[in-house]
Student: 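One structure is given below, represented as structure tokens, and several questions about it will come after.
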Amino acid sequence: MLLTARPTVAHVSESSPGLGRLGLTGTVRDEFAAVAPAAGQLGRVVRVDRGECDVVTDGGQIRALSDSQRAQSDVAPVTGDWVGLTADEALGWVVSHVLTRRTSIVRRDPAERASDQVLVSNVDKVAVVHGLDQDTNEARIERFLVLAIDSGAEPIVVLNKLDKSRTEVSEWDWLGDVAPVVHTSAVDGRGIEDLQSLIAPGETIVFVGPSGVGKSSLVNALAGEELVPTGKVREGDRRGRHTTTVRELLLLGSGGIVIDTPGIRAIGLWAADVALDEVFADVYSLSAQCKFRDCTHRSEPGCAVGAAVAEGTLDSTRLSRYQLLWQELAEQAREIEEQNRRSPKGRRHR
Ligand SMILES: Nc1nc2c(ncn2[C@@H]2O[C@H](COP(=O)(O)OP(=O)(O)OP(=O)(O)O)[C@@H](O)[C@H]2O)c(=O)[nH]1
Ligand SMILES: [Mg+2]
Ligand SMILES: [Zn+2]
């Protein structure tokens, strides 16, 4: 059984960066010290695939078993996690501890009835990427922004492919109130410095959005080299071809840390009520003035939201989009309650 740290995957391991370079903080160090030596070696997960993960430690990069059951840790590790690794006689390196996640992107598990799934963790910023060569899709940006804010990290909107812009984004007057907006072109380089300036050394940023919007191209533009593969979009509808297949953490020359993710078109929210009201702060603040506290803004008398729509100060389609997301979360809450009633001991659903 080979238990030495072996430098495998490129990027992070080649430079053998040490944990300081990977965003290690005093808080992580302290938490780890409290569980050491049982927790073994400290490291950060840089990619997860096929039940294993690559973990960078001070001694180099280690391939470890990530399966939560066999690894005897309660939580399955995800890219971005700080973990403890122990060497097992029979299994090799296993993740024995997953340290507390400072932030995490959580979606509704697409495979399960009503359950959550963590995509990445310990990110400082979540960049929601939209391709300006595509038609306007405010609903999708709003949904991704709810996901981003719910993570506990700071949201950023990146409007990429500025060189191919078909959309008049200045029409989205709500957007600037929710998150900083950066216009970029990964091809001609416009806005890349602006984006770079939002990623401080030691900070971790993750790119999320549909396939083909240029997430990997932005990573390469920030790095100034081809760190990750990119793929052409389809001629007809300009959709991507799902080039990126794993969530991977990479180091930028600037000292920043970036996680590239596979494109996702549709993403289910998970218990994100508070974040929803932040993304729709305009609707939310009006609703405080409605006559009824539980106003649904559909046909109740004394509805301030309805009045704003009638006056033309609130876009009715934006209100509809808010109501759709609100309904999705309300139905989910009922589902979870129902599940918990049936299996109160399970309690895996928050
Ligand atoms: N014109 C133009 N093309 C771009 C820009 N950014 C990316 N592209 C192109 O868009 C295509 C898709 O880019 P990727 O970076 O692979 O997109 P992605 O978001 O990583 O896609 P997935 O990995 O499939 O999720 C490639 O052909 C890129 O060259 C840009 O700013 N302008
Ligand atoms: Mg990609
Ligand atoms: Zn109302």
Side-chain angles (χ1 to χ4, degrees), residues 11 47 79 119-120 126-134 137 140-141 144 157-167 169 182-195 205-223 225-250 258-267 277 280 282-311 313-314 316 318-320 322-323 326:
H11 319 145
R47 81 178 8 232
T79 300
L119 298 181
V120 297
V126 180
V128 175
V129 186
H130 171 73
L132 289 169
D133 60 338
Q134 294 267 345
N137 194 333
R140 187 160 65 209
I141 293 190
F144 271 110
V157 173
V158 179
L159 301 171
N160 188 39
K161 306 203 185 184
L162 189 54
D163 56 296
K164 289 233 171 125
S165 183
R166 295 208 316 206
T167 320
V169 179
V182 193
H183 291 76
T184 58
S185 167
V187 166
D188 69 23
R190 269 183 291 169
I192 298 301
E193 272 181 34
D194 298 337
L195 185 57
I205 189 170
V206 60
F207 289 110
V208 296
S211 177
V213 295
K215 299 178 297 299
S216 301
S217 304
L218 287 167
V219 169
N220 291 339
L222 287 167
E225 58 178 311
E226 295 288 304
L227 280 187
V228 285
T230 60
K232 286 213 164 4
V233 295
R234 299 196 301 217
E235 278 302 325
D237 55 14
R238 320 213 54 76
R239 285 195 193 180
R241 298 163 192 266
H242 296 279
T243 308
T244 306
T245 53
V246 289
R247 300 176 198 112
E248 183 173 19
L249 186 145
L250 305 136
V258 47
I259 300 178
D260 191 16
T261 67
I264 358 179
R265 250 200 125 56
I267 189 153
D277 287 336
F280 289 87
D282 46 353
V283 183
Y284 182 68
S285 64
L286 281 167
S287 65
Q289 297 156 37
C290 292
K291 188 172 166 198
F292 300 109
R293 253 198 76 225
D294 58 351
C295 186
T296 64
H297 325 306
R298 290 183 199 279
S299 54
E300 290 93 333
C303 173
V305 174
V309 171
E311 280 164 24
T313 50
L314 176 67
S316 64
R318 180 154 157 88
L319 173 59
S320 310
Y322 171 73
Q323 286 171 323
W326 194 91

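Just so it is clear, the values below take in all heavy atoms, side chains as well, and ignore hydrogens, waters and symmetry mates. Whatever order the structure lists them in is the order used to number ligands and atoms, beginning at 1.
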Student: Which atoms of ligand 1 have any heavy atom of K215 under 4.0 Å away?
Tutor: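 Every atom of ligand 1 under 4.0 Å from some heavy atom of K215: 15 (O), 17 (O), 18 (P), 19 (O), 20 (O), 21 (O), 22 (P), 25 (O).
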Student: Between the side chains of D282 and Y322, is a donor N or O closer than 3.5 angstrom to an acceptor N or O?
Tutor: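 No.
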Student: Heavy-atom distance under 4.5 Å between the side chains of V128 and L159, does that happen here?
Tutor: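 Sidechains of L159 and V128: no contact.
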Student: Side chain or backbone, does G263 bring an N or O within less than 3.5 Å of an N or O on ligand 1?
Tutor: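 Among all N and O atoms of G263, at least one is under 3.5 Å from an N or O of ligand 1.
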Student: Among all the protein's non-hydrogen atoms, which is closest to atom 23 (O) of ligand 1, and how far away is it?
Tutor: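 Checked against all protein heavy atoms, atom 23 (O) of ligand 1 sits closest to T244 OG1, 2.7 Å.
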Student: Using distance alone, determine whether S217 and ligand 1 share an N or O pair under 3.5 Å.
Tutor: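 Yes, at least one N or O pair falls under 3.5 Å.
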Student: Looking at atom 24 (O) of ligand 1, what's its closest protein heavy atom, distance included?
Tutor: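 The closest heavy atom on the protein side is S211 OG, 2.5 Å.
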Student: Against heavy atoms of S185, which atoms of ligand 1 measure under 4.0 Å?
Tutor: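 Under 4.0 Å from S185, ligand 1 has these atoms: 31 (O).
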Student: Counting only heavy atoms not in Y284 (residues, nucleotides, ligands), do more than 12 fall under 6.0 Å from its OH?
Tutor: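 No - once you tally the heavy atoms of other residues, nucleotides and ligands closer than 6.0 Å, there are 12 at most.
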Student: Atom 6 (N) of ligand 1: which protein heavy atom is closest, and how many Å away?
Tutor: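 Scanning the protein heavy atoms, the shortest distance from atom 6 (N) of ligand 1 goes to N160 ND2, 3.1 Å.
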Student: Tell me, which protein residue and heavy-atom name are nearest atom 21 (O) of ligand 1, and how many Å apart are they?
Tutor: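 Closest protein heavy atom to atom 21 (O) of ligand 1: G212 N, 2.9 Å.
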Student: Atom 31 (O) of ligand 1: which protein heavy atom is closest, and how many Å away?
Tutor: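 Its nearest protein heavy-atom neighbour is A186 N, 2.8 Å.
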Student: If you draw a 6.0 Å radius around CD in E300, do more than 12 non-hydrogen atoms from other residues or ligands fall strictly inside?
Tutor: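 Enclosed.
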Student: Compute the angle centred on the Zn ion (ligand 3) spanning SG of C290 and SG of C295, and express it rounded to 10 degrees.
Tutor: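 SG of C290, the Zn ion (ligand 3) and SG of C295 span an angle of about 120°.
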Student: Go through the side-chain N and O atoms of S217 and N220 and say whether any donor and acceptor fall under 3.5 Å apart.
Tutor: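 No, N220 and S217 have no side-chain donor paired with an acceptor closer than 3.5 Å.
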Student: Hey, is the main chain of A186 close enough, under 3.5 Å, to the side chain of T184 for a donor-acceptor pair?
Tutor: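 No.
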Student: Side chain or backbone of D163 under 4.0 Å from ligand 1, or both, or neither, by non-hydrogen atoms?
Tutor: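 Within the 4.0 Å criterion, D163 contacts ligand 1 through side-chain atoms alone.
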Student: Short list, please: which atoms of ligand 1 are under 4.0 Å from a heavy atom of K232?
Tutor: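 Once the distances to K232 are compared, the set is 27 (O).
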Student: Please determine, by modelled atom types, if T230 and S216 share a side-chain donor-acceptor pair under 3.5 angstrom.
Tutor: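 No, no side-chain donor-acceptor pair sits under 3.5 Å.
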Student: Report the part of K161 in contact with ligand 1, treating N, CA, C, O as backbone and CB onward as side chain, heavy atoms under 4.0 Å; options are side chain, backbone, both, neither.
Tutor: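 Both backbone and side chain.
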Student: Are any of the side-chain nitrogens in D260 or K215 under 4.0 Å away from the carboxylate oxygens of its partner?
Tutor: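 A salt bridge is absent here (no side-chain N lies under 4.0 Å from a carboxylate O).
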Student: If we only count heavy atoms from C-beta on, is the R265 to S211 side-chain gap below 4.5 Å?
Tutor: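 With C-beta onward as the side chain, the pair stays apart.
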Student: Any N/O of G240 closer than 3.5 Å to an N/O of ligand 1?
Tutor: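 In fact, backbone or side chain, G240 has no N or O that close.
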Student: Quick check: does S216 have an N/O/S atom under 2.8 Å of the Mg ion (ligand 2)?
Tutor: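 Yes.
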Student: Just how far is it from atom OG of S185 to atom CG of L162, taken to the nearest 0.5 Å?
Tutor: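 So the OG of S185 and the CG of L162 are separated by 6.5 Å.
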Student: For N/O/S atoms only: which one belongs to H297 and is nearest the Zn ion (ligand 3)?
Tutor: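 Restricting H297 to its N, O and S atoms, the minimum distance to the Zn ion (ligand 3) goes to ND1.
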Student: Working to the nearest 0.5 angstrom, can you tell me the gap between R241 CZ and K232 NZ?
Tutor: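 Here the interatomic distance stands at 9.0 Å.
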Student: Relative to atom 11 (C) of ligand 1, which among G131, G214, G231 owns the nearest non-hydrogen atom?
Tutor: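 The option holding the nearest heavy atom is G231.
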Student: Would you say ligand 1 has an N or O under 3.5 Å from any N or O of P229?
Tutor: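 By distance alone, the answer is no.
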Student: Of the protein's non-hydrogen atoms, which lies at the shortest distance from atom 2 (C) of ligand 1, and what is that distance?
Tutor: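 For atom 2 (C) of ligand 1, the nearest protein heavy atom comes out as V187 CG2, 3.3 Å.
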Student: Output the list of atoms in ligand 1 that are nearer than 4.0 Å to some heavy atom of H242, sorted by atom number.
Tutor: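 With H242 as reference, the close atoms of ligand 1 come out as 24 (O).
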Student: Within the stated cut-off of 2.8 Å, is an N/O/S atom of T243 closer than that to the Mg ion (ligand 2)?
Tutor: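 So T243 does not count as coordinating the Mg ion (ligand 2).
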Student: I want to check something: taking the side chain as every heavy atom from C-beta on, are V305 and L319 in contact at a cut-off of under 4.5 Å?
Tutor: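 They are in contact (side-chain heavy atoms under 4.5 Å apart), so the answer is yes.
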Student: Main chain of V213, side chain of N160: is a donor-acceptor contact present, judged purely on distance under 3.5 Å?
Tutor: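 At least one qualifying donor-acceptor pair exists.
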